[in-house]
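Letters A, B, ... are given to chains in the order of the sequence lines, protein chains preceding strands, and every chain is numbered from 1.
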There are 2 protein chains.
Amino acid sequence: MTTTKPVRQAPTKAEYDAFLAACPSRQLLDRISNKWVVLILCALGGDAGDGAVEEGRLDGSGRPGEIDTARAMRYSEIARLLAGVSQKMLTQTLRALERDGLLTRTVTPTVPVTVTYALTDLGRSLHRLTRELRHWAQTHMDEVLAHRRQSETPTT
Amino acid sequence: MTTTKPVRQAPTKAEYDAFLAACPSRQLLDRISNKWVVLILCALGGDAGDGAVEEGRLDGSGRPGEIDTARAMRYSEIARLLAGVSQKMLTQTLRALERDGLLTRTVTPTVPVTVTYALTDLGRSLHRLTRELRHWAQTHMDEVLAHRRQSETPTT
DNA sequence: CAGCATCCCTTCTGATACTG
DNA sequence: CAGTATCAGAAGGGATGCTG
């Protein structure tokens with residue numbers, strides 16, 4: 001396996017600041033702050049299956065290899081898992097993520113061509129966050145719904 | 001018909017699944033997966049200042065009270081910090097977050113009216129993720145840029 | 001199967017002008 | 001100061017038809 005160790009030598013300074021409009025990290029934040037990006041990362045990260053995110057896995061310091069069920073998925077698999085995604089958006093988002101180095105696209109010249117997508121190390125590092133993001137949404141859904149309900153009642 | 005219904009009486013109830021198009025958590029994920037939402041949460045969470053997110057704070061288990069510099073901010077403060085945001089988007093996003101119970105809006109009837117925004121507990125819980133999201137974007141910016149560059153070169 | 005191309009509608013987003 | 005209201009362009013997103 002490719003054991004790519006992040007070669008950080010000077011993590012001290014803040015080269016990028018997403019608060020600044022012109023900063024490239026602002027654009028990157030815009031790209032990863034996307035419904036489909038989050039779900040695709042979750043899919044390739046192995047958060048699929050029953051759909052729910054296990055509580056125990058979220059502490060991050062579990063058994064490595066178990067939490068990272070990062071498997072390659074075919075295009076149609078992803079499309080099936082991400083209910084409601086259009087072919088256009090899926091392809092578009094996958095290509096963007098490929099360009100940014102978050103996932104790899106592998107074409108196997110079988111009879112009907114087979115295309116698989118898999119997370120890179122970079123993608124896996126982001127997947128830890130997207131998984132939690134999805135988990136947060138599912139966990140706090142009730143609280144949000146309750147607050148919305150009581151907000152829409154301005155009756156004195 | 002609707003046959004696949006995961007009604008398994010699991011101990012940890014998986015009521016919501018963002019992979020499903022009709023699930024409310026999908027909409028919630030869509031809302032929080034937003035550039036401005038992330039930045040507003042970061043702003044109110046106290047990630048401002050020099051702009052950089054400290055490395056040491058990210059483990060999450062630091063000294064509480066220090067990492068949560070969640071302070072109330074005025075409208076103009078937020079607008080100034082989030083460079084490039086239009087007042088329309090800012091107001092719109094703030095109201096949405098208020099409805100969802102992620103932040104509070106306080107109007108003080110001073111001479112020129114003063115409006116302050118502050119995170120709720122719910123908002124703070126999400127802020128932990130948005131902070132890491134922003135941090136990820138700023139930290140991995142170089143890797144992404146490098147990969148983009150080599151992607152746009154077919155390298156025969 | 002895994003796309004790409006096209007049409008078309010909706011939403012987002014920024015800019016401008018105007019109040020309490 | 002902290003909005004609201006409106007306009008117009010840009011981007012998001014879906015539906016359909018067509019390839020290798």
_Which residues share a side chain to side chain contact (heavy atoms under 4.5 Å, CB included) with B:Thr130, sequence neighbours left out_ = B:Val38, B:Leu41, B:Cys42, B:Leu126, B:His127
Distance check needed: [N] [atom2] versus [X] [atom1], whole Å only.
X: A:Leu82; N: C:dA2; atom1: CG; atom2: P; value: 14 Å
X: B:Glu77; N: D:dC1; atom1: CD; atom2: P; value: 11 Å
X: A:Arg80; N: C:dG3; atom1: CZ; atom2: P; value: 14 Å

Side chain [X], main chain [Y], donor-acceptor under 3.5 Å:
X: A:Glu77; Y: A:Arg74; value: yes
X: B:Tyr75; Y: B:Gln87; value: yes
X: B:Thr116; Y: B:Ala72; value: no
X: A:Asp17; Y: A:Phe19; value: yes

Please state whether the phosphate of [N], meaning OP1 or OP2, lies under 4.0 angstrom from any side-chain nitrogen or oxygen of [X].
X: B:Arg95; N: D:dT4; result: yes
X: B:Tyr117; N: D:dG3; result: yes
X: B:Thr91; N: D:dG3; result: no
X: B:Arg74; N: D:dC1; result: no
X: B:Arg105; N: D:dA2; result: no
X: B:Ser76; N: D:dA2; result: yes

*For B:Ser76, check side-chain hydrogen bond (donor to acceptor under 3.5 Å, both in side chains) against everything at least two apart and list the hits.*
none
*asked:* Using a 4.0 Å heavy-atom cut-off to protein, can you give one letter per nucleotide of nucleotides 10-20 of chain C, 5' to 3': B if the base is in contact, S if only the sugar-phosphate is, - if neither?
replied: ---BB-B----
*Just jot down the ring-ring contact (aromatic ring centres under 6.0 Å, His included) partners of B:His140, sequence neighbours excluded, or say none.*
B:Trp136
*Could you pull out all residues at least two apart from A:Arg99 that satisfy salt bridge (Lys or Arg N to Asp or Glu O under 4.0 Å)?*
none
_What's the angle between the local helix axes at either end of the helix from C:dC1-D:dG20 to C:dG20-D:dC1, using five pairs per end and rounding to 10 degrees?_
50°
*According to a 4.5 Å side-chain heavy-atom criterion applied to Ile, Leu, Val, Met, Phe, Trp and Tyr, with indirect links allowed, do A:Met141 and B:Leu122 form part of one hydrophobic cluster?*
yes
